[in-house]
Amino acid sequence: MRSLTFTRKRSSTSMATSSPMNPHFFKPLLLGFHSHLNIPVAFFSKHFEQTQNHGNAVVRLRSDASDVTWEVKMDGRRLTQGWQKFAASHDLRVGDIVIFRHDGDFLLHVSFFGPSCCEIRYNHDDDDDDDDDDSSFVACVTASNLSTDMVHLPMDFSRYNGLTNRNCEIILLNEESKQWRLLMRHHKASGHVCIRSGWKRFCYENRRRANDFLTFKLVRNGATPVLQLCSSSSSSTTRPCRFVILTLTPYSLKSSTLRLPMKFVKANGIENARKITLVDRHGNKKTTSLKQFDKYGRLSLGKEWKEFCEVNKVKTGESFKLELIKEEDTGTHLLKFCSKNIPIAFYSKHIKGTTNEGYVNEVVKLRSDASDLTWEVKMDGRRLTHGWEKFATDHDLKVGDIVIFRHDGDLLFHVTPFGPSCCEIQYNDDDDDGDDDDDDEKYHQQHTKEAGSSSDNSCFVARVTESNLKKDALFLPQHFSRANGFVNRECEIILMNEDREPWTLLMKYYKTNGYVYIRHGWRSFCQANRKRANDVLTFKLVQTGTKPVLQLRASVYNRGSSSSSSTSQDRFVTLTLKQYQLKSCKLCLPVPFVMANGIKNVREIILVDRHGVRRTTSLKPDDKYGRMRLGEGCIKFCIASGVKTGESFRLELIKEKEEDTVNHLLKFSSKI
């Protein structure tokens, strides 16, 4: 396989010609963020500045927390009226990182990450519990803390909510909101925060005794924080209690025992349960027994747990995460397999310091929007090692970049890189070909834009067009020319192809507009290397001096080559569900999408809805131009994905290899 390196550029797609790959930007939340939020200059100038009515624009914000759409006024680059309500509704705090995805037409989808670098999850259960991991904690009443009249708060809870290095009053509320005033103290030596001088009385007056588990939620922060005791019925379903991490040890296999810890058992009120249903990673259910293991409250799972671990590919020494779910209609308790992947917050809290830290010699798969390739990277503990260097090099990652990992299950991660400007790094160029124009100024601007701009000053991307072939000249990006000292120079320059064969051209400086171009050989270079109009080429400056040398690098951009992968733009398609399509059970894929992905001869395709359910349907020609029609299963797919008449939605094409066959999947991405 050829070595693959992507040349990066800033997100430069205009509103008028937006790419199916939606651009992103991120913002760390600092003091004062509640009143307003500034959009990064680079993102604003490329996506909003030319389209908005200054002072009157309204953007719409959506998130995965609910189906609500918030309308927020945009004054210049500043999000103002309506932002405060959005921030309060999502319980945003100083230190959070917020990622915005531009879905077009002033619609932004927002995702949230906490200080632990993990995505903030919001409760979507049908009950009224809206506790989250960081605003709630579980405390155990013990004879010791009753005797000392003091209880320690979990360190991650204290740090996240800014309770460290503070000495102040704190209010405890019971389930009826009755108040007890206590003192909160920070112990510098150990780093722990405790509440005292009233803990014993609070427990006594609320009839709480040793071995009881209490769930508290931080309902107000500030000069005097307020913690409220959650009702016993809701505390069994709060997010901190629903999850448990177990480790498959040699002792577990030898003794055929796998136990649920006392704290997890009591917090979820399953002390008297004698059966539980195990749900593996494929969704298959198997009921097993649940027996008391010791007098302290630990429960032991039945023998079915061994097969459960095998199905989920859990090996000796590995840790895995389970979620407890209660089916309201039947009252059945389920233990659902979540993942073997554990974010840094979970790793530090639950794995670090144990005898076996898991994941040794495990291999994770990394994907990105740069291409259809999958990179395999070794994971030693929490460290990505062998294979990571190639991934980072191929994506031209640099110091100061921020990389977001999305866990897609089975140790598969989708990776999105962001640059120091807070904008998403783009690896593809605009598809606008532009018309031939004899006007020199328009010609210069067109080709500079098409050449793109690389954050790496030694690389740039150029597009072959009918115009530059005809003129036998290619203009270099201005930032590339300036960074490498090409301004005000006239000399020979050497172009080398992928096999290092040289072509000598002339490099000239165009004083009237400041552009540098290469000519007298550009056409022959393209013809000799079978490059034609609409091909996109990546060049790297491999030698400077009196005669610079540019080398052509292998690229995923060229769609005319059967050996090159399709770009991330090609993988996505946006469709609209119309009324007549419901009646005719007909949904068509557009010609450019079909041709770009080479699926005109495919006759079956797998539809993957938002729940991950797969449906195989037919794929047939719809007309002589190349449109393809999806079979009857497409309408059921739309309904299952929550798409209504008149709504647009986005699909991603994925090629799945199984031995000698290739399956094509159309995966639901999002509603637009």
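Side-chain atoms are counted along with the backbone in the values below, which use heavy atoms only and exclude waters and symmetry mates.
- The side-chain hydrogen bond (donor to acceptor under 3.5 Å, both in side chains) test applied to Ser648 returns Thr576, not counting sequence neighbours.
- In this structure, the side chain of Thr277 does not engage the main chain of Leu334 through any donor-acceptor pair within 3.5 Å.
- Using a 4.0 Å cut-off between charged nitrogen and carboxylate oxygen, Glu169 and Arg181 count as a salt-bridge pair.
- By the 4.5 Å heavy-atom criterion applied to side chains, Met262 and Val265 are not counted as neighbours.
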Next item on the list: Check the pair Leu37 / Leu29 against side chain to side chain contact (heavy atoms under 4.5 Å, CB included), numbers first and verdict last.
Entry: CA-CA 8 Å; Leu37 193 78; Leu29 299 185; 3.9 Å; yes
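- Interatomic distance, CG of Leu260 versus CG of Leu258, reported as 7.0 Å (0.5 Å rounding).
- Within 6.0 Å of CZ on Arg220 lie no more than 12 heavy atoms contributed by other residues, nucleotides or ligands.
- In this structure, His24 and Phe418 have perpendicular ring planes: the angle between them is above 60°, well past the 30° mark.
- Using a 4.5 Å heavy-atom cutoff, the side chains of Leu227 and Ile170 are in contact.
- In summary, the side chains of Asp75 and Thr80 do present a donor paired with an acceptor at a separation below 3.5 Å, with no hydrogens or angles considered.
- Not one N or O on the side chain of Asp96 forms a donor-acceptor pair closer than 3.5 Å with the backbone of Leu92.
- For Ser158 (side chain) and Pro154 (main-chain N/O), a donor-acceptor pair under 3.5 Å exists by modelled atom type.
- Leu301 contributes atom CG, which lies 9.5 Å from atom OG1 of Thr257 (distance to the nearest 0.5 angstrom).
- Heavy atoms from other residues, nucleotides or ligands lying under 6.0 Å from CZ of Arg201 number more than 12.
- By the neighbour-count criterion of 12 heavy atoms within 6.0 Å, atom CD of Gln81 is sparsely surrounded, having that number or fewer from other residues, nucleotides or ligands.
- In the displayed structure, Lys27 atom NZ is contacted under 6.0 Å by more than 12 heavy atoms of other residues, nucleotides or ligands.
- No cation-pi contact links Arg610 to Phe668, judged by a cut-off of 6.0 Å to the six-membered ring centre and 45° from its axis.
- In terms of heavy atoms, Glu271 sits closest to Leu299 at O-CD2, 4.2 Å.
- Residues Asn206 and Asn174 bring a donor and an acceptor atom of their side chains to less than 3.5 Å of each other.
- Between Phe405 and Phe413, the ring-plane angle classifies as perpendicular under the 30° and 60° cut-offs.
- Here the two rings, on Trp70 and His90, have centers that are under 6.0 Å apart.
- Here Lys200 contributes atom NZ and Glu205 contributes atom CD; the two are 12.5 Å apart, rounded to the nearest 0.5 Å.
- If you take OG1 on Thr287 and CG on Leu278, they are separated by 8.0 Å, rounding to the nearest 0.5 Å.
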Margin query: Walk me through whether Thr148 and Asn145 qualify under side chain to side chain donor-acceptor pair (under 3.5 Å).
Written below: CA-CA 5 Å; Thr148 58; Asn145 61 37; over 6 Å; no
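- Using a distance-only test at 3.5 Å, with no hydrogens or angles considered, a donor-acceptor pair links the side chain of Arg77 to the main chain of Ile39.
- The two atoms that bring Val193 and Thr164 nearest to each other are CG2-CA, 4.1 Å, heavy atoms only.
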Check: Would Leu146 and Val141 satisfy side chain to side chain contact (heavy atoms under 4.5 Å, CB included), going step by step from the backbone distance to the final call?
Finding: CA-CA 7 Å; Leu146 288 173; Val141 182; 3.8 Å; yes
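- Between the side chain of Asp149 and the backbone N or O of Gly198 there is at least one donor-acceptor pair closer than 3.5 Å.
- Ser63 OG to Ile99 CD1: the interatomic distance, rounded to the nearest 0.5 Å, is 13.5 Å.
- Atoms NZ and CZ, on Lys291 and Arg259 in that order, are 15.0 Å from each other to the nearest 0.5 Å.
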Note to self: Set out, in order, the CA-CA distance, both residues' side-chain angles and the distance that settles side chain to side chain contact (heavy atoms under 4.5 Å, CB included) for His333 and Leu324, then state yes or no.
What the structure shows: CA-CA 7 Å; His333 289 89; Leu324 183 70; 4.2 Å; yes
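- Using modelled atom types, one side-chain atom of Ser89 and one backbone atom of Lys85 make a donor-acceptor pair closer than 3.5 Å.
- Side-chain contact check for Trp83 versus Leu61: some heavy-atom pair is nearer than 4.5 Å.
- Across every non-hydrogen atom of Pro225 and Cys168, the tightest pair is CD-SG, 3.9 Å.
- The backbone N or O of Lys644 sits less than 3.5 Å from a side-chain atom of Glu647, completing a donor-acceptor pair.
- Checked by atom type and distance alone, the side chain of Trp199 never pairs as donor or acceptor with a backbone atom of Leu182 at under 3.5 Å.
- Ion pairing of Glu175 with Arg208 is present here, as a side-chain N (NZ or NE/NH1/NH2) and a carboxylate O approach within less than 4.0 Å.
- Side-chain atoms of Val403 and Val415, non-hydrogen and from C-beta on, do get closer than 4.5 Å to each other.
- For Arg298, the salt bridge (charged side-chain N to carboxylate O under 4.0 Å, His left out) partners at least two apart in sequence or on another chain are Asp294.
- Under the 3.5 Å distance criterion, the side-chain polar atoms of Asp609 are left unmatched by any main-chain donor or acceptor of Ser641.
- Between His192 and His152, the ring planes are perpendicular. Angles over 60° get that label, and only those under 30° would be called parallel.
- In this structure, Trp388 has its ring center closer than 6.0 angstrom to the ring center of Phe391.
- For Ser35 and Gln84, the side-chain atoms include no donor-acceptor pair closer than 3.5 Å.
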Note to self: Under the criterion side chain to side chain contact (heavy atoms under 4.5 Å, CB included), I'd like the reasoning laid out for Asn38 against Leu79: C-alpha separation, chi angles, the key distance, then a yes or no.
What the structure shows: CA-CA 6 Å; Asn38 289 328; Leu79 299 180; over 6 Å; no
